[in-house]
Engineer: 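Got a structure for you, questions after.
Just so it is clear, the values below take in all heavy atoms, side chains as well, and ignore hydrogens, waters and symmetry mates. Sequential numbering from 1 along the given sequence is applied to the chain's residues.
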Amino acid sequence: MSQISGKSVTIQVQQADLDFLSTNGYFSVMRKQDYDRAAAEVANLSQMNDALQSERMQEGIAQATLEKDERKTHSILFHLEGRDEKAAEIARVESEKGLVAKEQSDITEKDSKIKELIQKKSTIDRMVPYDGEYLSLTGLGVLTLNDLNVRNYRVSDSDFSDFIEERIETLGELHSIAERGSFQVSNLKTRVPEADYSQLWNVSIGLAKLQADQNQLNQKFLLALGVLHHFDSTLDNKMMAAEIITSLSANPSQSSPDNLDLQNLSKTLKTLDHELRHHAKVPKQLSTGVAALVMFGKRYDGTYPTDSFLEFSRMTHSYESAAILSVMNDPSNQLPSKFQSFRSMFGLWGYQTSEDTELASAFLSISDLQPDDVRWKLSIIVTALKNYLEYPLVAAAILTSIPTLEANETLDLMEKAYSQLWSFAIGLERSELVSLSVRMIHGIKNELVEKLDPTAKILKTPVQFTHTPSNIFFGYYAPLIIVHSIYYSTFSGIGGFHPAHVHGVGGSGGGFGG
């Protein structure tokens, strides 16, 4: 049994556990004599750094003198001097060059040594004594401990190796989605030049989440988008519709080698688009996207939920919310009252009725949660997302609708998605990366796993979230929270202030907590 002494506690740890953690790279162990030697090396770090700065100043002066003398050897007066004077001047300049080069080399060597000592100091500063040796967490150990702190109440009775296996699987799944998304962006950017970078990433994340050959999905999407070229909706809505068509055609039960599935789906979409425009008065700018959502809700008897859409469109002026609600099978007819309950909850919270409150209510309504179930969780997530999104309500509702994760687990999972995404989506604003991270984890189905934890496969999102302001006030229709970094504010047809584009708080992507 060993003792690890912290600032205020002493923990008894089995030696076998310490050996396991050290062998697997979670702990760094240093013998006492090595620790004492390292401590002695870094003791004079401040003086060494001061000396280096002084040496750099002297080198700068020498460099300036050398440049001045070199200019003399190229002047007209220099060429008027005698041979011996010129030779002596050139020799002096060459000697100065050698001294400056030596000084620069010495500075580089000392700078490298200081950086090495800084790293060593960082290591020993984190170390605590145990059994005559010193111990510290490695980078991997810190990350793992953070995850364990979030998940401890779920995994406290599990083997540590099982927890590690689940953690690696989750990170691997998120990394795969980001990597496949990057592949899709690379293939689409030359084929869809009218789309900007964030639009491409939005649709690419959706394609990347589909469990099918990515090359085939890419071709199907381009074919679908080509078929929709003559539709009157905006590019954002056409891309959304093309993605939904692609996801439906990727289903083995509907897929066909000659792309008849795409043709049939496109014909169905055209019929639904016409019906919704003429009977439900959906504006042409967004009718293609709304029709695609309704098409996704095809019933077992082969019909489409246009009747449900008409019913919900009488409850809300948000066509997107009506479409989201209409795809749900609701034989007990509880969805309308549930939707009203969430709208009332947001009203009590002080929100004006707007596109945001309608969409947030719709997403929460199609979850397994009731208003009493989400109040605390939603408030925590809204507060957290305010650091990154100016208007976080809809994104927070999407995250809250993941039923089997607590608020801190949900945010932790989104942070993991962000950390996997940002190195691929270089150039996107932090707000865009956060929004894409929401899309990456939207649709996770924890109830499919044997144990209740956030490590299940992330499935394709059944409903692509969209956000379309009223053309009465603003003639631009855009996806929900994943578009440009520019912010366009407007009033929707139902009143209220809401975002048409991503609007972030603070700088560009790099670190989630930055």
Engineer: Distance alone, cut at 3.5 Å: any donor-acceptor contact between the side chains of Ser198 and Asp196?
Structural biologist: yes
Engineer: Classify the angle between the aromatic ring planes of Phe163 and Phe160 as parallel (below 30°), tilted (30 to 60°) or perpendicular (above 60°).
Structural biologist: tilted
Engineer: Can you tell me if Ser313 uses its side chain to pair, donor with acceptor, with the backbone of Tyr319 under 3.5 Å?
Structural biologist: no
Engineer: Would you say the side-chain atoms of Thr316 pair up with the backbone N or O of Phe312, donor to acceptor, closer than 3.5 Å?
Structural biologist: no
Engineer: Determine, step by step, whether Leu385 and Met414 satisfy the side chain to side chain contact (heavy atoms under 4.5 Å, CB included) criterion, reporting the C-alpha distance in whole Å, the side-chain angles of both residues, the deciding distance to 0.1 Å, and the verdict.
Structural biologist: CA-CA 11 Å; Leu385 291 186; Met414 188 188 74; 3.6 Å; yes
Engineer: Supply the atom-to-atom distance Lys220 NZ to Asp261 CG, rounded to the nearest 0.5 angstrom.
Structural biologist: 4.0 Å
Engineer: For ring-ring contact (aromatic ring centres under 6.0 Å, His included), just list the numbers for Phe309 and His279, CA-CA rounded to whole Å, side-chain angles, deciding distance to a tenth of an Å, and then say yes or no.
Structural biologist: CA-CA 11 Å; Phe309 176 82; His279 296 291; over 10 Å; no
Engineer: Determine whether Asp159 and Ser161 satisfy the following criterion, side chain to side chain donor-acceptor pair (under 3.5 Å), listing intermediate values before the conclusion.
Structural biologist: CA-CA 5 Å; Asp159 288 340; Ser161 57; 4.8 Å; no
Engineer: Taking the six-membered ring for Trp, are Trp349 and Phe346 parallel (under 30°), tilted (30 to 60°) or perpendicular (over 60°)?
Structural biologist: perpendicular
Engineer: Within this structure, what is the OG-OH distance for the pair Ser204 and Tyr197, rounded to the nearest 0.5 Å?
Structural biologist: 9.5 Å
Engineer: Do the side chains of Leu137 and Arg126 get nearer than 4.5 Å, heavy atoms only?
Structural biologist: no
Engineer: Is there a donor-acceptor contact under 3.5 Å from the side chain of Ser22 to the main chain of Leu18?
Structural biologist: no
Engineer: Can you tell me if Ser437 uses its side chain to pair, donor with acceptor, with the backbone of Tyr418 under 3.5 Å?
Structural biologist: yes
Engineer: Less than 4.0 Å between a side-chain N and a carboxylate O, is that true for Glu406 and Lys377?
Structural biologist: no
Engineer: Can you find a heavy atom in the side chain of Ile245 that is under 4.5 Å from one in the side chain of Phe221?
Structural biologist: no
Engineer: Please name the residue in the list Thr144, Leu148, Asn24 that meets the side-chain contact (heavy atoms from CB on, under 4.5 Å) test with Ile164.
Structural biologist: Thr144
Engineer: Within the 4.5 Å heavy-atom criterion, are His317 and Glu358 side-chain neighbours or not?
Structural biologist: no
Engineer: Lys416 and Asp147: side chain to side chain contact (heavy atoms under 4.5 Å, CB included), yes or no, with the steps?
Structural biologist: CA-CA 10 Å; Lys416 284 182 171 61; Asp147 284 351; 2.6 Å; yes
Engineer: Can you tell me how far apart CG (Leu364) and CE (Met345) are? Round to the nearest 0.5 Å.
Structural biologist: 6.0 Å
Engineer: Is there a side-chain contact between Trp201 and Leu421, using heavy atoms and a 4.5 Å cut-off?
Structural biologist: yes
Engineer: Would you compute the distance between atom OG of Ser176 and atom NZ of Lys209 and round it to the nearest 0.5 angstrom?
Structural biologist: 13.5 Å
Engineer: Leu399 pairs by side-chain contact (heavy atoms from CB on, under 4.5 Å) with which of Leu378, Ile441, Leu405?
Structural biologist: Ile441
Engineer: What are the two closest heavy atoms between Val382 and Ala396, and how far apart are they?
Structural biologist: CG2-CB, 3.4 Å
Engineer: Answer yes if the side chains of Arg375 and Ser379 hold a donor-acceptor pair under 3.5 Å, and no otherwise.
Structural biologist: no
Engineer: For Asp301 and Thr303, which I'm curious about, is there any donor-acceptor pair between the side chains at under 3.5 Å?
Structural biologist: yes
Engineer: Side chains of Thr383 and Ile380, heavy atoms from C-beta outward: is any pair under 4.5 Å?
Structural biologist: no
Engineer: Would you confirm whether Thr23, through its side chain, and Phe20, through its main-chain N or O, come within 3.5 Å as a donor-acceptor pair?
Structural biologist: no
Engineer: Checking Ser423 side chain against Ser419 main chain: does a donor-acceptor pair fall under 3.5 Å?
Structural biologist: no
Engineer: Indicate the atoms forming the closest heavy-atom contact of Ala323 with Val290, along with that distance.
Structural biologist: CB-CG1, 4.0 Å
Engineer: Any donor-acceptor pair under 3.5 Å linking the side chain of Asn237 with the backbone of Thr288?
Structural biologist: no
Engineer: Please determine whether a side-chain nitrogen of the Lys or Arg among Arg439 and Glu243 lies less than 4.0 Å from a carboxylate oxygen of the Asp or Glu.
Structural biologist: yes
Engineer: Measuring from Phe27:CZ to Leu21:CG, what's the distance to the nearest 0.5 Å?
Structural biologist: 5.0 Å
Engineer: If you apply the rule side chain to side chain contact (heavy atoms under 4.5 Å, CB included), what do you find for Thr170 with Leu413, and how did you get there?
Structural biologist: CA-CA 9 Å; Thr170 299; Leu413 186 62; 3.8 Å; yes
Engineer: Tell me, do Leu222 and Leu188 make a side-chain contact under 4.5 Å, heavy atoms counted?
Structural biologist: yes
Engineer: For residues Asn333 and Glu311, report the shortest heavy-atom separation together with the two atoms involved.
Structural biologist: OD1-OE2, 4.0 Å
Engineer: May I ask you to test the Arg430-Tyr388 pair for a side-chain heavy-atom distance under 4.5 Å?
Structural biologist: yes
Engineer: With no hydrogens and no angle check, is any side-chain donor or acceptor of Asn387 less than 3.5 Å from a backbone partner on Ala384?
Structural biologist: yes
Engineer: Would you sort out whether Leu325 and Ser308 count as a side chain to side chain contact (heavy atoms under 4.5 Å, CB included), showing the intermediate values?
Structural biologist: CA-CA 8 Å; Leu325 293 166; Ser308 294; over 6 Å; no
Engineer: Determine whether more than 12 heavy atoms belonging to other residues, nucleotides or ligands lie under 6.0 Å from atom NE2 of His229.
Structural biologist: no
Engineer: Do Gln184 side-chain atoms and Leu207 backbone N/O form a donor-acceptor pair below 3.5 Å?
Structural biologist: no
Engineer: Looking at Arg277 and Asp232, does any basic side-chain N land under 4.0 Å from a carboxylate oxygen?
Structural biologist: yes
Engineer: Of all the heavy-atom pairs spanning Gln340 and Arg343, show the shortest one and how long it is.
Structural biologist: OE1-NH1, 3.1 Å
Engineer: For salt bridge (charged side-chain N to carboxylate O under 4.0 Å, His left out), just list the numbers for Lys284 and Asp273, CA-CA rounded to whole Å, side-chain angles, deciding distance to a tenth of an Å, and then say yes or no.
Structural biologist: CA-CA 8 Å; Lys284 65 180 181 180; Asp273 179 85; over 6 Å; no
Engineer: Looking only at non-hydrogen atoms, find the nearest pair between Leu265 and Met295 and report the distance.
Structural biologist: O-SD, 3.5 Å
Engineer: So how far is it from Glu390 CD to Ser431 OG, rounded to the nearest 0.5 Å?
Structural biologist: 10.5 Å
Engineer: Can you tell me if Ser233 and Gln285 form a side-chain donor-acceptor pair at under 3.5 Å?
Structural biologist: no
Engineer: Do you know which two heavy atoms are closest between Ala407 and Ile381, and how far apart they sit?
Structural biologist: CB-CG1, 4.2 Å
Engineer: So, the side chain of Lys238 versus the backbone of Leu225: is there a donor-acceptor pair under 3.5 Å, distance only?
Structural biologist: no
Engineer: Is the distance between the ring centroids of Phe231 and His274 under 6.0 Å?
Structural biologist: no
Engineer: Would you say Pro305 and Arg299 make side-chain contact, with heavy atoms under 4.5 Å?
Structural biologist: yes
